[in-house]
Structures are given as C-alpha cells and as structure tokens.
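Numbers here simply count residues along the sequence, with the first being 1. Just so it is clear, the structure is predicted and the values come from calculations on it, not from any experiment.
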Amino acid sequence: MPRQVDYEERRRQIAEAVRLLITRSGMEAVSLRDVAAEAHVSMGAVQRCFRTKDEMLLFALEDISRRVGDRAKARIEASDAPRSAATLLDRTLSALALVDPQDRAEAQVWGAFVAHAAVSDQLAAVLRETYGKLHDLLVWLIGYGQDTGELTPTADPATEARTLLALTEGLTAQVLVGHLTPESAQEALRRYGRGLLTRG
C-alpha cells in the first residue's frame, strides 16, 4: 500500500510539472526530459509513471478537468449567501469561466489542452466527458432555479446549459489574449444570467 501511495503522489507531482511548463512556455515545452527536470525527478521516474508523453498529457488533463469541476462545486458550497438559484448559477459560471486573475495559469493550461485535443482523440475524449459533466451541472442549476421560481420557466435547461458553457469557454479565451478584461467578462456572464431571471 505505501508503494501505491508514493506512485500516485509522484504522478500528481509530474502532472503539476506539466502544468507549470505549459503556463511558462506552452505545450511545445512539454517533453519527458523537461518534465523530469521541472519535477526534480529522474527521467526513469517519469517513465515508470508514464510510458509515453501522450499518456502523461492524458493524466495531466484528467487532473485539471477534475480541478475545474471541483472548483465549481467548492464555490457553490462555500457561499455564505442564501442558496438562491441565481447566486449558485453566478458562482458556478464564475468558476467555469476562469477569468479571475488568480485563475490565469489554469486558464492557460486549459486552453493549451483544448487546442491540442483537436489532434488527439484521447485528449478530446477526456474533454468531451468533462464538458458533459459541466453541462449536466448547469442543467441541474437551471432546473433548480425554475423549480424555485427564480429562473424563467420558458427556458430550455439543456439549450441554456450549452449556451452558457460555450460562453464561459469563449470568455476565458478572450481574457487570455487581452481582448476583454476579467471585469468585462464577469459582467457579460452576469448580464446573460440576469436574462434568465423571472421578471417580478
């Protein structure tokens, strides 16, 4: 059992090195040798954890996908405000958009993986699963808001969830390249969210 714990910790250590390299220099900087140096481990240690670069990237993407989902859930659960549907939706969209300054490194890594997934079936499969889970979370939140009477009953939850997921992804990219500020991106999210509220 201790050997297995050490193995998993080493894999997470290597995944963190992958994220740091991508943040600093992009996906092209990720090689087994450079990752080993960044993680302060030997090449052999990396190769014992991952047989190929693609296997290492796959694990790193699965790890960051889990982080994105956990971040959304944590911001929901940490809310001190009344657990209104509007508040929950706002906090969830803020977590998914990765537009806050403290989210920039993670947004860079996410964007690099999305771009790389266009030529990698394995990475694309992980992203499809992640998007599916986030879509289901948004569908639930919108349905919850309709049940409480806060969100318009005429909205189709599945359609709105797809739109919101695409909106958060687009805003992440536009903030990364400097087309939008984090503040203007957050306002765009809030403005769309307000459009889903029932009119009192």
Side-chain angles (χ1 to χ4, degrees), residues 15-16 19 22-23 60-115 117 123-200:
E16 178 63 21
R19 285 192 293 272
I22 293 174
T23 300
L61 176 57
E62 289 170 344
D63 191 54
I64 195 172
S65 295
R66 186 165 50 250
R67 287 184 178 207
V68 170
D70 290 346
R71 175 200 305 271
K73 293 176 183 176
R75 290 192 184 178
I76 290 173
E77 294 167 358
S79 175
D80 293 327
R83 294 176 66 83
S84 70
T87 298
L88 295 179
L89 184 60
D90 180 71
R91 287 180 175 270
T92 301
L93 293 176
S94 175
L96 297 184
L98 297 175
V99 296
D100 288 341
Q102 64 266 30
D103 297 335
R104 183 173 179 82
E106 199 158 75
Q108 288 175 301
V109 176
W110 182 261
F113 272 115
V114 169
L123 294 181
V126 174
L127 284 174
R128 285 195 299 273
E129 181 180 0
T130 301
Y131 286 135
K133 290 177 180 178
L134 297 176
H135 174 268
D136 291 346
L137 174 61
L138 291 172
V139 166
W140 180 85
L141 283 170
I142 294 166
Y144 172 65
Q146 290 174 325
D147 290 343
T148 63
E150 293 175 74
L151 302 185
T152 178
T154 58
D156 175 59
T159 298
E160 293 298 340
R162 284 193 294 271
T163 301
L164 288 167
L165 202 52
L167 178 61
T168 58
E169 189 91 355
L171 290 173
T172 300
Q174 292 188 38
V175 169
L176 274 178
V177 301
H179 178 65
L180 293 176
T181 65
E183 293 76 19
S184 60
Q186 291 284 13
E187 178 54 30
L189 282 174
R190 293 190 193 97
R191 187 163 55 248
Y192 192 92
R194 286 195 294 269
L196 294 175
L197 298 176
T198 56
R199 299 293 183 253

J.: With a 4.5 Å cut-off on side-chain heavy atoms, are T168 and L134 touching?
T.: no
J.: Flag the pair L164 / L196 as yes when at least one side-chain heavy-atom distance between them is below 4.5 Å, and no otherwise.
T.: yes
J.: Please find the pair of heavy atoms, one from T92 and one from L88, that lie closest to each other, and give the distance.
T.: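 Reported closest heavy-atom pair: OG1-O, 2.8 Å.
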J.: Residues in side chain to side chain donor-acceptor pair (under 3.5 Å) with R190, at least two apart?
T.: none
J.: Among all residues two or more places apart in sequence or in another chain, which pass the side-chain contact (heavy atoms from CB on, under 4.5 Å) test with Q146?
T.: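 By the side-chain contact (heavy atoms from CB on, under 4.5 Å) rule, Q146 matches I142, L151, A155, P157.
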J.: Does anything in residues 164-184 pair up under ring pair (Phe, Tyr, Trp, His ring centres under 6.0 Å), and if so which pairs, sequence neighbours excluded?
T.: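 As it turns out, there is no ring pair (Phe, Tyr, Trp, His ring centres under 6.0 Å) pair with a partner in residues 164-184 once direct neighbours are skipped.
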J.: Taking all atoms of both residues into account, what is the closest heavy-atom pair of V114 and L127, and its distance?
T.: CA-CD1, 3.8 Å
J.: Hey, what do you get for OG (S84) to OH (Y144), rounding to the nearest 0.5 Å?
T.: 7.5 Å
J.: Kindly give the heavy-atom pair with the smallest separation between A85 and T148, and that separation in Å.
T.: CB-OG1, 4.1 Å
J.: Can you name the salt bridge (Lys or Arg N to Asp or Glu O under 4.0 Å) partners of D90, sequence neighbours left out?
T.: none
J.: Taking side-chain contact (heavy atoms from CB on, under 4.5 Å) as the definition, give me every residue that meets it alongside E16, ordered by chain and number, with sequence neighbours left out.
T.: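 So E16 forms a side-chain contact (heavy atoms from CB on, under 4.5 Å) with R19, L20, R67.
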J.: For T163, what residues pass the side chain to side chain donor-acceptor pair (under 3.5 Å) criterion, not counting sequence neighbours?
T.: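 Once residues adjacent in sequence are excluded, T163 has no partner under the side chain to side chain donor-acceptor pair (under 3.5 Å) criterion.
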J.: Kindly indicate, with the supporting measurements, whether the criterion side chain to side chain donor-acceptor pair (under 3.5 Å) is fulfilled by S94 and Q186.
T.: CA-CA 7 Å; S94 175; Q186 291 284 13; 3.3 Å; yes
J.: Which residues pass the side chain to side chain donor-acceptor pair (under 3.5 Å) test with S184, sequence neighbours left out?
T.: T181
J.: Which pair of non-hydrogen atoms, one from I22 and one from V109, has the smallest distance, and what is that distance?
T.: CG2-CA, 3.9 Å
J.: Taking the side chain as everything from C-beta on, heavy atoms only, tell me whether E160 gets closer than 4.5 Å to Y192.
T.: yes
J.: Would you say that T198 contacts P153 through its side chain, given a criterion of any heavy-atom pair below 4.5 Å between the two side chains?
T.: yes
J.: Show the nearest heavy-atom pair for residues V99 and L171, with the distance to one decimal.
T.: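 Looks like CG1-O, 3.9 Å.
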J.: Taking the side chain from D156 and the backbone from T159, do they hold a donor-acceptor pair closer than 3.5 Å?
T.: yes
J.: Just jot down the side-chain contact (heavy atoms from CB on, under 4.5 Å) partners of R104, sequence neighbours excluded, or say none.
T.: Q108, L176
J.: Quick one: are L197 and T152 in side-chain contact, heavy atoms under 4.5 Å?
T.: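 Sidechains of T152 and L197: no contact.
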J.: Is there a salt bridge (Lys or Arg N to Asp or Glu O under 4.0 Å) between R66 and E62 once you walk through the steps?
T.: CA-CA 6 Å; R66 186 165 50 250; E62 289 170 344; 6.0 Å; no
J.: T130 and W110: which non-hydrogen atoms are nearest, and at how many Å?
T.: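 Here T130 and W110 meet closest at CG2-CH2, 3.8 Å.
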J.: Output every pair passing salt bridge (charged side-chain N to carboxylate O under 4.0 Å, His left out) with a member in residues 139-148, not counting sequence neighbours, ordered by first then second residue.
T.: none
J.: Using the salt bridge (Lys or Arg N to Asp or Glu O under 4.0 Å) criterion, which residues pair with R162? Sequence neighbours excluded.
T.: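 Once residues adjacent in sequence are excluded, R162 has no partner under the salt bridge (Lys or Arg N to Asp or Glu O under 4.0 Å) criterion.
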J.: Can you name the side-chain contact (heavy atoms from CB on, under 4.5 Å) partners of D136, sequence neighbours left out?
T.: none
